Amino acid sequence: MERDYSATPEDTEPALPSRDKINEDTCADNSHTSRAGTCGATDVAKARWTLLRQVLRQKQMESPEVKQVSVRRFASFELFSRKTLSTQDPSDTSDDQWVEHRSVHFPEYSALLRDYLGPLRVNEVLNSFDNTGNVCVWPSEEVMAHYCLKKRHMFKGAVCELGGGMTCLAGLMVAICADVKEVLLSDGNEKSIQNVRRLVDKNRQAGKFGSTQVSTRVVRWDSESDISALEGHFDIVMCADCLFLDQYRASLVDAIRRLLQPNGMALVFAPPRGETLTLFCQLAQQVGLSVSQHRQYDTQVMDVHLKMLSEGKEAYDENIHYPLLITLTKGPRPVSLTQ
């Protein structure tokens, strides 16, 4: 167990700028033109298309060919195998491709996910709440899902995953493997939750959940109505790689604090990303949460981490790829996370 929050500042991946920021930057960029001090609709539109191009380029970089030459080509700790399922229903004319994600180390557990997520629409990119979870299963989510399987006996009562993106894979795994009463899968993006609802329906039809009540919901951390409706309800709240958006970090800390029961615990998996994890831990302490940081929490994950470090930063950068485990409690409750 470690309690070191003095991370060295390193390069971090920039968050998508807000629309207000786009307008400010566009005005600044055009201040040397003959129309100094003005920012027309054409300039705003140009800036929005620039943002869209950046997002689309990032989506293209997820292809296997591009990953081989990209610093972000590390995509998985190989904790789950993937098996494409054939379509059994001849009436299903959708382009959806269902894939079974099965745990490599706990093969008795698997979940059904969709491979085809549909086109990336302009208005969703520009106007929706954080879209970062709309692209893929990030390594931190994969690791958290694996950890939940490993620690399945510690889950009880009500569990919530915040910011689960398009899959909420970890929350799904808790619903599948643990003896819990209910699991809420949430994200702040409506498109993500629409997809998660389909995943829940598919896995429920496959008999994956047993008696566990599994629900989905749009939960924005900065929405008073969203948080107050769930306040004090959960024994465990968890999230993966949700700390790097500066404008929502304090809201996430407050949401976790309010959603937890008095004796509840939060599990947060995230890479350092420069100072972002340190800043999150500091904010959590400021609101009275007990914070513990864990670097070595799983043998399989650590083995892959050490192997990838030998490949060099062109293949693997622990600053953005290796998730640390942060546990949060409302009191000085000891957290046992032995391997």
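Note that the coordinates shown come from a computational prediction; the quantities given were computed from them, not determined experimentally. Basis for what follows: all heavy atoms, side chains included, without hydrogens, waters or symmetry-related copies.
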Once rounded to the nearest 0.5 Å, what's the spacing between atom [atom1] of [X] and atom [atom2] of [Y]?
X      : Y      : atom1 : atom2 : answer
Leu184 : Phe234 : CG    : CZ    : 4.5 Å
Glu161 : Ser186 : CD    : OG    : 7.0 Å
Leu277 : Asn319 : CG    : CG    : 10.0 Å
Ile176 : Cys148 : CD1   : SG    : 11.5 Å
Gln261 : Glu231 : CD    : CD    : 12.0 Å
Glu318 : Leu306 : CD    : CG    : 9.5 Å

Answer yes or no: is there a donor N or O on one side and an acceptor on the other, between the side chain of [X] and the main chain of [Y], under 3.5 Å?
X      : Y      : answer
Asp222 : Ser251 : no
Ser292 : Thr327 : no
Lys330 : Leu260 : yes
Arg249 : Leu283 : no

Which pair of non-hydrogen atoms, one from [X] and one from [Y], has the smallest distance, and what is that distance?
X      : Y      : answer
Leu172 : Thr167 : CD1-O, 3.5 Å
Trp221 : Gly163 : CZ2-CA, 4.1 Å
Val104 : Glu78  : CG2-O, 3.7 Å
Ala170 : Met144 : CB-CE, 3.6 Å
Thr276 : Pro271 : OG1-O, 4.5 Å
Ala270 : Leu243 : CB-CD1, 3.6 Å

Pick one: which of Tyr322, Phe77, Tyr297 meets ring pair (Phe, Tyr, Trp, His ring centres under 6.0 Å) with Phe269?
Tyr297
Side-chain heavy atoms under 4.5 angstrom apart, residues restricted to Ile, Leu, Val, Met, Phe, Trp, Tyr: same cluster for [X] and [Y]?
X      : Y      : answer
Val301 : Leu149 : yes
Val218 : Val200 : no
Trp138 : Val99  : no
Leu252 : Val291 : yes
Ile193 : Leu199 : no

For the residue pair His305 and Arg295, establish whether any side-chain heavy-atom pair is separated by less than 4.5 Å.
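The answer is yes; the side chains approach within 4.5 Å.
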Mind checking whether Arg102 and Lys83 have side chains closer than 4.5 Å, heavy atoms only?
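Arg102 does not reach Lys83 side chain to side chain.
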Should Leu259 and Ile227 be marked as a side-chain contact (heavy atoms from CB on, under 4.5 Å) after you check the CA-CA gap, both sets of side-chain angles, and the distance that decides it?
CA-CA 7 Å; Leu259 294 186; Ile227 301 304; 4.2 Å; yes
Carboxylate-amine/guanidinium contact [X] [Y], below 4.0 Å:
X      : Y      : result
Arg257 : Asp254 : yes
Glu190 : Arg197 : yes
Asp226 : Arg217 : no

Quick check on Asp179: does its CG atom have over 12 non-hydrogen neighbours (other residues, nucleotides or ligands) under 6.0 Å away?
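Not more than 12 within 6.0 Å, no.
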The test is side-chain contact (heavy atoms from CB on, under 4.5 Å); show your working for Val196 and Asp187 and say whether it passes.
CA-CA 9 Å; Val196 173; Asp187 192 80; over 6 Å; no
Show your working on side-chain hydrogen bond (donor to acceptor under 3.5 Å, both in side chains) between Ser76 and Glu142 and close with a plain yes or no.
CA-CA 7 Å; Ser76 172; Glu142 174 199 18; 2.9 Å; yes
Determine the sole option in Phe106, Tyr147, Phe80 for which the side-chain contact (heavy atoms from CB on, under 4.5 Å) test with Met173 is passed.
Phe80
Checking side-chain contact (heavy atoms from CB on, under 4.5 Å) for the pair Arg198/Arg114: CA distance, chi angles, key distance, verdict?
CA-CA 9 Å; Arg198 296 198 60 183; Arg114 286 172 67 213; 3.6 Å; yes
What do the steps show when you test Asp241 against Glu141 for side-chain contact (heavy atoms from CB on, under 4.5 Å), and what is the final call?
CA-CA 7 Å; Asp241 209 353; Glu141 180 77 18; over 6 Å; no
